Every structure is written in structure tokens, then in C-alpha cells.
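Reviewing the structure listed below.
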Amino acid sequence: MHKPHLRPLDTAAATRRRLLTGLLSSLALPGLVRAQPAAPRIVVIGGGWGGLAAARRLRQQQPDAEVLLIDANPAFTSLPLSNRWLVGLPPATLMQQDYTQIAARQGYRFLQARVAGIDPTRRRVHLGSTRLNYDWLIVAAGIEEDFSPWIGQDTATTEQMRQTSPSGFTGLTSLQALKTALARFTGGTLLMNLPPAPYRCPPAPYERAVLLADWLSRTQTNAHLVILDPNPPMPAFERVFRDTYRHMITYVPQAAIRQIDPGRQRVSTEFDTVDYKQAILMPPQRAARLSQESGFCDRDGWAKVNPDSLQWPDDERIFLIGDQVGRISPLFGAYPKTGQMATRQGHVAADHISARIKGHATPAELPDSTCQIIQRATPLEMLRIDTRYRRRGDGLIQQQVTQRHNPQPDDDDLRWAMAMYGELGLG
């Protein structure tokens with residue numbers, strides 16, 4: 001096979017530009033304005049759990065369609081099981097896999113690019129100065145953290161807190177920063193807060209607290225973990241904090257952070273002031289900036305969808321899935337923002353698009369969610385949380401949550417993760 005010659009001064013940035021140009025030229029005519037297409041082009045923005053699930057399902061159901069997954073990162077990183085990784089429990093590495101390899105196995109295409117904007121009127125995705133047309137669009141843009149309730153629009157302080165008190169909640173960079181901060185922690189008050197609901201993976205911060213307390217004990221670190229929770233307490237964990245980790249954890253429910261002084265390492269709630277040596281700060285969350293700037297979100301910053309299909313109410317060709325999705329039902333509010341929920345939403349969106357392309361009736365399906373959470377570290381106990389949905393006679397979606405305590409787990413969380421990775425096509 002002929003090996004192309006690379007000039008000595010060739011740069012990585014130039015290489016990426018050529019690859020992008022080559023891929024886009026293969027996807028569209030000059031100017032990216034296509035003639036009448038032989039097959040629909042379906043663009044999926046965001047390669048998280050929802051985006052991967054949607055792309056795989058679409059390729060299975062629409063083998064003749066163009067399915068293109070776009071993400072700014074070159075590789076997928078799985079956040080479930082990251083609490084184990086933070087404190088050195090197996091698995092010792094995070095699940096990561098190159099998007100190009102995933103796409104090649106599943107038969108769709110991958111483009112590493114940052115989406116600058118979306119034009120629903122022209123059905124175009126903006127990639128910097130480049131325009132990419134679509135027939136159907138799935139946006140799985142995820143979430144972002146909003147520090148403004150604490151410090152206003154002070155971008156310098158925001159960046160300082162991201163670096164010195166990372167949440168480990170939004171992606172690989174934040175997780176790595178938190179692991180580094182914990183490795184440097186030598187003792188004193190370790191402060192962790194929870195975001196106000198809704199937020200990504202509701203039981204994950206409680207699991208993290210249990211694992212942190214166990215880690216501090218194992219490493220014989222002279223420290224105390226203070227947890228500020230603006231939400232009503234989660235009884236299953238409140239009991240464990242009280243009975244097992246009383247000497248390690250002070251848990252304060254319904255305690256929202258009102259003010260932060262990162263220089264003095266001090267936080268204030270409505271009733272208390274806490275000084276800390278190291279903090280894990282989790283500000284309020286909202287849908288990612290792309291969805292906000294595209295007009296997909298409500299005043300609370302969460303994506304608006306049709307509960308039946310996950311379509312954006314203003315455009316039947318656009319579907320919004322994953323953690324960014326807001327209110328679904330007046331009976332319970334939003335779906336839980338979990339990996340399995342995002343996967344199921346990806347399936348729902350893909351099934352609706354496939355049915356529309358085939359001219360079939362759209363399916364009536366609702367997603368579901370299962371979480372396997374470590375409830376106690378020593379001895380190991382787990383909590384399984386199943387969330388199911390049904391439509392009532394009046395049309396409203398009703399939620400049923402079942403919690404089951406498992407005192408003799410056999411790496412149930414690892415087994416669940418492996419099964420889900422298979423659904424995403426991770427191999």
C-alpha cells in the first residue's frame with residue numbers, strides 16, 4: 001500500500017484540518033449544500049452514553065442512511081465506576097475507547113470536531129466556518145456546571161475553583177484533577193457538597209462519600225469529611241453515614257452553599273460556616289452551552305422535549321437526549337440523569353427517527369434506569385435502584401422507584417457496567 005509522504009514541518013493542527021476537510025468533502029458537495037440525497041443523513045452530536053447508543057441503534061435499523069457521530073474529544077470515557085477509581089479500588093483504570101475504533105466496528109462515521117452552533121431553519125450544524133447539512137439531528141450535548149449562583153460571572157475565580165476544588169463530575173479532566181488533589185491531601189477537613197437536584201447520577205455523590213471515608217480510614221489520614229447537601233436526605237445513605245461512618249463523616253442535609261471564599265478556603269450556608277483544607281465543590285448543573293445557545297432550553301437551563309418522543313417541541317427533526325433533558329412530568333419532574341437512562345433515551349430517539357424514515361407509526365416507548373451503588377465499603381454492601389415508568393390513563397408519565405439492599409454483592413456494579421458497555425458497542 002502506498003505510504004503518503006508527510007512534510008517535515010507538518011503539524012498536528014494541520015493534519016486535523018486536512019482530515020476534517022476530507023471527511024466533510026466526502027459527506028457533501030462543495031459548500032455542503034447537497035442535491036436531493038439518496039439516503040437520509042442523521043447527525044448525532046455528543047459521544048456519551050446516549051449518543052453512542054443512538055448511533056449504534058440507527059446503524060442497525062437504517063443500514064443505508066448516513067449516520068455521523070460528532071464529538072470534540074477523540075475518545076469515550078465512562079464516568080460510572082469512577083468513584084472506585086478515585087480511591088484505588090478495582091477496576092484500576094477508567095473505561096476509555098477511541099471513537100474512531102468504535103465507529104469502525106459499528107459501521108457509522110465519526111468526526112472529531114467542536115460544534116459551534118446549530119441552524120434548525122436550514123438544518124445545518126456549524127463546525128467553525130464549515131457548515132454540515134442534516135436530515136435528522138440528535139443532540140446529546142450533556143451538562144455543564146454553573147458557578148454563577150456562588151460567585152456571579154467571575155470567570156477567573158470559576159477557573160480557580162475548577163482547578164483547586166474539582167468536582168470530578170463532568171468529565172475526564174475534572175476526574176483527573178480530583179484524583180491529583182486527593183493524592184496531595186494530607187489531612188484536615190475534606191469538604192464535599194452536592195448540587196441541587198436535578199443533577200447527574202443522583203446516588204453517585206453519596207457513594208463517593210462512603211468510599212472517601214473508607215479511603216481515609218485505610219490510608220490512616222487524620223481527616224474528617226463534611227458533606228453539605230441542599231436536597232432532602234437519602235435515607236439509605238443517611239443511615240450508613242450515622243451508623244458506620246459517624247467518626248469520619250458529618251452529614252448536613254438541606255444545607256445549600258450561599259457563598260464561597262476560595263482564598264480563605266471557607267464556605268457559608270444559611271446557618272453555618274465551614275473552613276476546609278480540601279474541597280470537592282459541585283455547583284448547580286444545567287444543559288450544555290450548545291443546547292442553551294441553540295434555544296433548546298427552558299428558563300431553568302434544561303432542554304425542553306416532547307415526553308413521548310424526546311423531540312424538541314419546536315422542530316420534529318431534532319431530538320434531545322441524555323443528562324441535559326429537563327422536566328418530563330409534573331408528577332416527578334425530570335428523568336434521573338444516569339448512564340442507562342441516557343442509553344435508553346438514545347434508543348427512543350433512534351427508534352422514532354427510523355420509524356419516520358420507513359413511514360411507520362412511531363413507537364410508544366419509555367426509558368428506564370438501573371443504578372448499582374456501593375452503600376458500604378467495609379464490609380462491601382450495595383444498593384440497586386430501579387426506576388421504571390408507565391403512562392397513566394390521563395396521559396401523564398408516572399415514575400416507580402424500587403431500592404434493594406444487597407449485603408452480599410458479587411461485583412454487581414461491574415457486571416452492570418460490562419452489560420451496558422456491550423449495548424454501546426464498546427467491545
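Small disclaimer: the values here were computed from a predicted structure and weren't measured.
Ion pairing between R404 and D386 holds under the 4.0 Å rule for side-chain N and carboxylate O.
A side-chain hydrogen bond (donor to acceptor under 3.5 Å, both in side chains) check over residues 194-204, counting only residues at least two apart or in different chains, returns the pairs R200-D323.
Rounding to the nearest 0.5 angstrom, the gap separating the CZ atom in R124 from the OG1 atom in T130 is 12.0 Å.
Annotation for R105: atom CZ counts as buried by contact number, over 12 foreign heavy atoms lying within 6.0 Å. With a 6.0 Å radius and a threshold of 12 heavy atoms from other residues, nucleotides or ligands, Q400 has its CD atom at or below the threshold.
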Go through the steps for I102 and L426 under the test side chain to side chain contact (heavy atoms under 4.5 Å, CB included), then give the verdict.
CA-CA 6 Å; I102 302 172; L426 297 182; 3.4 Å; yes
Verify side chain to side chain contact (heavy atoms under 4.5 Å, CB included) between R286 and C297, making sure each step is shown before the conclusion.
CA-CA 9 Å; R286 61 187 179 187; C297 299; over 6 Å; no
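Side-chain contact between N406 and Q372: absent, with no pair of heavy atoms (C-beta onward) separated by less than 4.5 Å. Counting heavy atoms from C-beta on, the side chains of Y421 and L52 never come closer than 4.5 Å. Side-chain contact between V139 and I118 is present, with at least one heavy-atom pair separated by less than 4.5 Å. Contact of the P203 side chain with the L383 side chain is not registered, since no non-hydrogen atoms from C-beta on lie closer than 4.5 Å. No side-chain heavy atom of W312 sits less than 4.5 Å from a side-chain heavy atom of S294. Taking the side chain as every heavy atom from C-beta outward, E423 and W49 never approach each other to under 4.5 Å. Contact check for F241 versus L225: no side-chain heavy atoms found under the 4.5 Å cut-off. By the 4.5 Å heavy-atom criterion applied to side chains, I328 and Q399 are not counted as neighbours.
Residues passing the side chain to side chain contact (heavy atoms under 4.5 Å, CB included) test with Q60 are R56, R57, sequence neighbours excluded.
Outside the 6.0 Å centre-distance limit, the rings of F76 and F110 are not counted as a close aromatic pair. Y389 has its ring centre less than 6.0 Å from the ring centre of Y335.
Residue Q398 forms a side chain to side chain donor-acceptor pair (under 3.5 Å) with just one option from R388, R391, R390, R392, and that option is R390.
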Expected list for residues 359-369: side-chain donor-acceptor pairs under 3.5 angstrom, two or more places apart:
residue, atom, partner, partner atom, Å
D368, OD1, Q340, NE2, 3.0
D368, OD1, R344, NE, 3.3
S369, OG, T338, OG1, 2.7

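Remark: side-chain polar atoms of Q285 are not paired, donor with acceptor, to backbone N or O of I143 under 3.5 angstrom.
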